[in-house]
Every structure is written in C-alpha cells, then in structure tokens.
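Heads up, the thing below is written out as structure tokens.
Remember, it's 1-based here, ligands and their atoms both numbered in the order they're listed. Please read all numbers here as calculations on a predicted model, not as lab measurements.
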Amino acid sequence: MTKDTVTITDNRTNQTYTFPVVKGTIRAMDLRQIKTSPDDFGLMTYDPAFMNTASCQSSISFIDGELGILRYRGYPIETLAEHCTFLEVAYLLLFGELPTGAELKNWVHEITHHTMLHETTKQFMESFRYDAHPMGMLVSTVAALSTVYPEARDIDDPKNRLLQMKRLIGKMPSIAAMSYRHSLGFPYVYPDNDLSYTENFMNMLWKMVEPKYVADPVLARALDILFILHADHEQNCSANTMRSVGSAHTDPYLTTAASAAALAGPLHGGANEEVLKMLDAIGSKANVPAYLKKIKEGHGKLMGFGHRVYKNYDPRAKIIKWAAEQVFNVTGRNAKLDIALELERIALEDDYFVKRKLYPNVDFYSGIIYQAMGFKPEMFTVLFAIPRTAGWLAQWQEMLADSEQKIARPRQIYVGQNVREFLPIAQRASLVATEH
Ligand code: ACO
C-alpha cells in the first residue's frame, strides 16, 4: 500500500476502504464508495461553515494562520505593502505575476480610463434616500452596472471578461465616492486622469471648489497600503460568495454585488464600522476592563478581534498599526487609538482571549485610521470593498478556468418531517408558536 493513502474501516459493515491523500486532503466524493448496501447513497461529510473543507485549489493567496503569514502569489504581504502600489498588486492578483514597467503603465492607463460612470448610473445613485447607507448604495449600484453593460454576460470570452474586470476596478472608487458625497448632499466630482488610483479617489471624495485637487502624499500612500492589505484573503466569506454565485455563470457585476453584500455583514467587512461604535461605547481607557468583563460574560463580541484562520496575529493588523502612525503625523492622533491600544494590551494578557487565540484582526485598527482621515464609520466597509474587488475578480477568473469546478451546490442532512397527510384548511389547528 502506498504511503500517501488513508484507510477507513466502516464498523457498520467491517469493510475497509483506502483513499489517496493529495496535499493533505482526501476527496469527499471518494467517501461515496462507503455504503451499507448497494442502495445506500454513500457516506457524506457534515461541515457547517466549511470549517474543514477545501472548496477549490487556488494559487492566489496563501495564509498560515498559526504563523501569521499572508502572501499574494508567493510574495509576503509586508514586501508588497512596502514596495508596490495597489494597482501593481491588483495586476499581480489577476495575472499571477508582477508587471514590468511597461505593463504597469499600460494597466494604470486602462484602469484610469474606466473610472467614469454612465450618467444614468449617476442618476440612479441620486435617487437613494439622503441618509442611505453607503454600503447599500454600493451593492445596488454595482448590481445596476449589469444593466449598463449587458455584454458582460458573455463570460466565456476572455477579452470581454478582462474589459469588465477593468471597468469594475476602475469604477469602484467612483461609486464609493459618489455614495459618500450623496450622504453629504455634495455634487459628484468627476475623475481626474492625472492622478493615481488613490489620489483620484481622494479627489472624488473631497474636492470642493479648488480647480485642482492635491492629495496629501502621506495620506494617499497610507490609503494605497490599506488597499493592498485588503485586496485578497483566500476563501473568506465574500470570496466564497464570488465563486459560488459566479459558478452559476452570473455576470461579473451581479456576482461582485453579491460578494459586496457578504462583505457588508458585521462578522466580515462590516466589523471595522462596529469597532468604531464599540470604541465610542467604551468612551475612555478607564472603562476598558469593565467592557472586557462584559464580553467574557457572554455579552457580545470584541469587534475586530478573532479570525477563522489567524490564530497567532493577523499580519495585516501589524502593518496597519505602522500606517496609523504615519497618518496621525498628518492628521493628529485619533483619541480612540488609546482605547484600542488599551483593549489590545489587556485582552492579550487575559486568559479568555489567550486560550481562544483571539488577536486583533485587520479591522481593529483600520477604522481608526479611516476616521482620522475624515471618513465616517458608514464608509469603512465601502473602503474595504474597493480593493477587495481585485481579489474577488481573481478568484472568479480562477474558478471559471478550473475544469473541476461546476455550479456550487452543497448537500444537506434533511432533518425535517417525513411525508405527512395534507389537511384541508378548515381542519387545521394552529401549531406555530410565533405570532404573525
Ligand atoms: N470576542 C469575544 N469572543 C470571541 C470573539 C470575539 N471577537 N471571537 C470569537 N470569540 C470566542 C467565541 O465565542 C468562541 O468561544 P467558545 O469557544 O467559548 O464558544 C471562540 O472564541 C471561538 O470563536 P468562533 O466564533 O467559533 O470562531 P469563528 O472562527 O467561527 O469566528 C469570527 C471568527 C467571525 C471572525 C469571530 O472571531 C468574530 O465574530 N469576531 C468579531 C467580528 C470581526 O472582527 N470580524 C472581522 C473578521 S476579519 C474580516 O472578515 C475581514
């Protein structure tokens, strides 16, 4: 028997089965051979929330949760954050290699020339309520782009796919900026092609009456680094949504909108907004121990703490802490930083958090930087969605090119009623406890 196998004995039948182990994994479909009779469906695995199931093979990002490592296409996140621009990293994620100087120039030109929104999209956005949440506006508007570019449905044509991907990466900051200005009642600022990706985003957010917007270079670079850190993160909830919805061959706008909807949840990208609310609720350093006591007693979660994969330290949180210092040199220190640092200090010494391996994640400090830069908490998840679009699209492309992938369709264990006799309405007694 070869070494790279696993042997399972089914005690129900005393039969033994041997399956290959490839890359630390057995094929779930192999288990179907394990049956108690020829009519038996075969063994399945039960894995709510995909705690121990690989849904794909991927060469985009690599995480070692125990060691606190994150790499995109083999490059450590720290190196990319130090030496690259966000668009360079987006290129790396999508095409698998870092661009040459000429390739990057062309890529930046292409993205820059896809930043404009159709005027009807602008009107669509203007029709949201004045206090609409920017993330709801972003999700709906990205979905609405599907109506502007109906040719996007042709997902089999690589050239067509690439065009839609450029549009999505180019237009995401424009949609995000418009959702922000909508909430303030300010007129929409059109993109400026002379500016870099993040400078142009800042221009669309904050330009008032000056003829030319000039971004603070430290803040523009900090935003670029934050975008790099948020660009991809293997099979997280929204990437899994991208693959799952995309597996139905839905067009990339609707698929990206679905992923952005997943990101909006407070347990995923919505956590940075929740962190700020939490820091506001704590109010001062002195209140930190009492707040942590409540969390340990089961009243809520410490937002921005914990991660499904990282059980040591989220490497992105380390870089964000460094970027925060650069931003605060320009904007002044955000008072909430002291509360956050105190929370981190006490939590990392506390048995409850140590035992459960709960460390600050990417969202713990990002909101504090964003607030210092002038963003309202409602914008934080939108800021996450802009760079993550590159990662979603890389995951989408990889899924489409993978000959093993089909429409995503998990199995279930049915625990409902067996077949029942139907009663006409007049003979039914109410059996439902909840009030309607
Ligand atoms: N505060 C307090 N306790 C926590 C926290 C937290 N932030 N996170 C996990 N725990 C506890 C759980 O209650 C559980 O305790 P138990 O074993 O006594 O029941 C234990 O730690 C394990 O936690 P799970 O919920 O099983 O871990 P899971 O991997 O399912 O969840 C998640 C990961 C969703 C990130 C979770 O840690 C959480 O809700 N954190 C707060 C929200 C957050 O910051 N999300 C952003 C994640 S990063 C991102 O998406 C970009």
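By the criterion of a heavy-atom distance under 4.0 Å, the side chain of Asp363, and not its backbone, is placed next to ligand 1. Here Asn361 has side-chain heavy atoms under 4.0 Å from ligand 1, and that is the only part of it that gets that close. The part of Phe384 lying near ligand 1 is the side chain, judged by heavy-atom distances below 4.0 Å. The proximity of Leu358 to ligand 1, defined as any non-hydrogen pair under 4.0 Å, is limited to the side chain. For Asn236, no heavy-atom contact with ligand 1 is shorter than 4.0 Å.
In this structure, a donor-acceptor pair under 3.5 Å is absent between the side chains of Tyr291 and Lys296.
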Practice prompt. Quick one: do Leu195 and Met202 satisfy side-chain contact (heavy atoms from CB on, under 4.5 Å)? Show the steps, please.
Written response: CA-CA 10 Å; Leu195 303 178; Met202 291 164 79; over 6 Å; no

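Paired with Leu393 under the rule side-chain contact (heavy atoms from CB on, under 4.5 Å), one option of Gln164, Lys166, Glu398, Met165 passes, and it is Met165.
When the heavy atoms of Ala317, Ala347, Ala271, Gly306 are ranked by distance to atom 37 (O) of ligand 1, first place goes to Gly306. Around atom 36 (C) of ligand 1, the closest heavy atom drawn from Met278, His299, Lys301, Arg388 belongs to Lys301.
Using cut-offs of 30° and 60° for the angle between ring planes, the Phe375 and Trp206 rings count as tilted. Between Phe227 and Phe201, the ring planes lie tilted relative to each other; the angle falls in the 30° to 60° range.
Distance screen at 4.0 Å: atom 22 (C) of ligand 1 has no protein heavy-atom neighbour inside the cut-off. Protein heavy atoms all stay at least 4.0 Å away from atom 27 (O) of ligand 1.
Closest to atom 50 (O) of ligand 1 among all protein heavy atoms lies His268 ND1, 2.9 Å. Atom 6 (C) of ligand 1 has its closest protein heavy atom at Leu302 N, 3.6 Å. Protein heavy atom nearest atom 41 (C) of ligand 1, with residue, atom name and distance: Phe305 O, 3.4 Å. Shortest contact from atom 34 (C) of ligand 1 to any protein heavy atom: Leu267 O, 4.2 Å. For atom 16 (P) of ligand 1, the closest non-hydrogen atom on the protein side is Arg356 NE, 3.6 Å. Looking only at heavy atoms of the protein, atom 48 (S) of ligand 1 is closest to His307 CD2, 3.7 Å.
Lys311 forms no cation-pi arrangement with Tyr359, by the criterion of a distance under 6.0 Å to the ring centre and an angle within 45° of the ring axis. Cation-pi check for Arg27 over Phe19 is not met; the charged atom does not lie both under 6.0 angstrom from the ring centroid and within 45 degrees of its normal.
Taking the six-membered ring for Trp, Trp322 and Tyr365 have ring centres at least 6.0 Å apart. Ring pair Phe128/His133: centre-to-centre distance not below 6.0 Å. Checked against the 6.0 Å centroid criterion, the rings of His114 and His109 do not qualify as a close aromatic pair.
For a threshold of 3.5 Å applied to N or O pairs, the pair formed by Met303 and ligand 1 contains no separation below that value. Ligand 1 has a nitrogen or oxygen under 3.5 angstrom from a nitrogen or oxygen of Arg308. Between Gly300 and ligand 1, no N or O atom pair is found at a separation short of 3.5 Å. Note: no N/O pair closer than 3.5 Å links Pro266 and ligand 1 by distance alone. Looking at Val362 next to ligand 1, no N or O pair under 3.5 Å apart turns up.
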Side-chain donor-acceptor pairs of residues 75-83 under 3.5 Å, sequence neighbours excluded:
none

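Side chains of Glu273 and Glu378 form a contact here, defined as non-hydrogen atoms less than 4.5 Å apart.
Ligand 1 lies within reach of Tyr352, whose nearest heavy atom is under 4.0 Å from it.
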